[in-house]
Amino acid sequence: MSDPRQGHVILGVNVLVLGYLPAAWQSDRLHRDSFIDPAYWENIGAVAERGTLDALFLADGPLLGDPAYDANAGRLEPAVTWSHVAATTERIGLIATASSTLNDPFDLAQRLLSLDHVSGGRAGWNIVTTRNSPAAQNFGLPDIPERDDRYDRAAEFVDLVQALWESAGTGTAVRHRGRFFDLEGRLDVPRSRQGHPVLLQAGGSAKGRALAGSRADGVFAAELTKEGAIEHYREVKQHAVAAGRSPGSVKILPGLLLSLGSTEEEARRRSDELHDRGPAAYSVQWLSQAIGYDASQLDLDEKFPEEVLAAAVDPRNAGGSIGFRQSIVKQIRRTDPTVREYLRQTRYTGSGHSGFAGTPEQLVDHIEDWYRSGAVDGFNLQPDVLVDGLEVIADEVVPLLRKRGLFRHEYATDTLRGHFQAASN
């Protein structure tokens, strides 16, 4: 299978604290306080760097998660966590998710540029807009703004953060009067080794894709089908060209939920057993949260009603991520599953990320297929139990990718921007 691109796939790992399934905490390699234990985070950084991975992602936690569907209800602040990991690693990129809806642009620009310095130019910002009403209430707001307002604010927010980062190099004060922000000032942190943190965007709405194409260095995408991924890939690259950028300047990295084993049967059994040890309603609650409809009202052994699918992709539906909802509905219409079958397809999350259960060899086949097909520039991998799944990625998956010429044997760069630029175009 030929492919004109040179370089390698980009591999990130979405550090969902302990893993993407609620039963991850039951691993005998973890203890009650692992998620706040510095040694746990040091080990995550060391294993990722051993595998020469490009980056680790860590989500923010602007609200206490609902254990009914959130596998990791409590989280540390990502920039602080990555500052600690930066001190024990040398090359791995460290990406913090932070909301443009609930943060202040000056404060966030300062915080992330500070992380970029203490990490030696390895920081990234995964831009999200936040969709949860309880999160808004934690910040003194009555509710989350409407979707279009959130994305309009995000565009102005990103422009302002970038201007502040530029001010760190020029010393010129930023004077901004906009719809959402009035600001005059400049940062007292200088530019970093990579200039400023790498920008990634998470979200699949029309405005989100346009924002990614015009401003982002990468997209943390949600894709369930290769066909949908190819469409998304082409659209964002076209937005980049329309903004005067090269298509290779923005990297597309869908999430991929993983259960790995020495055989496919073992991997599927592992996934089933982990799910069965978690809350009984986990999958249904996650699906409800993802599509903005109470899935407990659906018969698990019946097909999805058309009116539910139509409501899920209606932009007036305030529930869930529109990127997740579009991905979910495309997959359901393509495979026509029962609700129970769909939940198994997505490894019991019901989310817009694709689920995979199989061997390291089969995973490499999957990565190569999507990469060669022009659907992705890489993946953001999400193991079911992070502490051992990450080791399999570093010690078994990466060597197989190297044998196929799809991944580097050692780091060629020491900044996150350098990693992205050295990868596929």
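Below, all heavy atoms of this structure are taken into account, side chains as well, without hydrogens, waters or symmetry copies.
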| field | R404/D365 ion pair, N-O < 4.0 Å | value |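 Answer for the salt bridge query: yes.
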| said: Check E235 with R209, please: is the shortest side-chain N to carboxylate O separation under 4.0 Å? | reply: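 Answer for the salt bridge query: yes.
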| task | For A98, check side chain to side chain contact (heavy atoms under 4.5 Å, CB included) against everything at least two apart and list the hits. | result |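 Side chain to side chain contact (heavy atoms under 4.5 Å, CB included) check on A98 returns N103, L108, W125.
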| message | If the condition is side chain to side chain contact (heavy atoms under 4.5 Å, CB included), which residues does R29 pass it with, not counting sequence neighbours? | response |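 Applying side chain to side chain contact (heavy atoms under 4.5 Å, CB included) to R29 gives S27, V387, D388, E391.
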Between the side chains of [X] and [Y], is a donor N or O closer than 3.5 angstrom to an acceptor N or O?
| X | Y | result |
| --- | --- | --- |
| E42 | H84 | yes |
| Q201 | N126 | no |
| D143 | S133 | yes |
| Y233 | D377 | yes |

| Whether W41 and W82 hold their rings parallel, tilted or perpendicular, with breakpoints at 30° and 60° |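 Ring orientation, 0 to 90° scale: perpendicular.
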| Once the angle between the rings of Y342 and F304 is folded into 0 to 90°, is it parallel (under 30°), tilted (30 to 60°) or perpendicular (over 60°)? |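 Rings of Y342 and F304: perpendicular, as their planes differ by over 60°.
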| Sequence neighbours excluded, which residues qualify as salt bridge (Lys or Arg N to Asp or Glu O under 4.0 Å) partners of D149? |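 Partners of D149 by the salt bridge (Lys or Arg N to Asp or Glu O under 4.0 Å) criterion, ordered by chain and then number, come out as R179.
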| field | Audit row: Y411, H419, ring pair (Phe, Tyr, Trp, His ring centres under 6.0 Å) steps and yes/no | value | CA-CA 8 Å; Y411 286 113; H419 298 345; 5.1 Å; yes
| field | Residue pair V398 / L11, side-chain heavy-atom distance below 4.5 Å | value |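 They are in side-chain contact.
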| said: Between R269 and E264, is there a side-chain heavy-atom distance shorter than 4.5 Å? | reply: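 No, every pair of side-chain atoms sits at 4.5 Å or beyond.
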| task | Start with the C-alpha gap between R122 and D54, add the side-chain angles, then the distance that decides, and say whether salt bridge (charged side-chain N to carboxylate O under 4.0 Å, His left out) holds. | result | CA-CA 10 Å; R122 294 185 280 137; D54 289 280; over 6 Å; no
| task | For R268 and D272, run salt bridge (charged side-chain N to carboxylate O under 4.0 Å, His left out): C-alpha distance rounded to whole Å, both residues' side-chain angles, the deciding distance at 0.1 Å, then the answer. | result | CA-CA 6 Å; R268 293 186 179 280; D272 292 344; over 6 Å; no
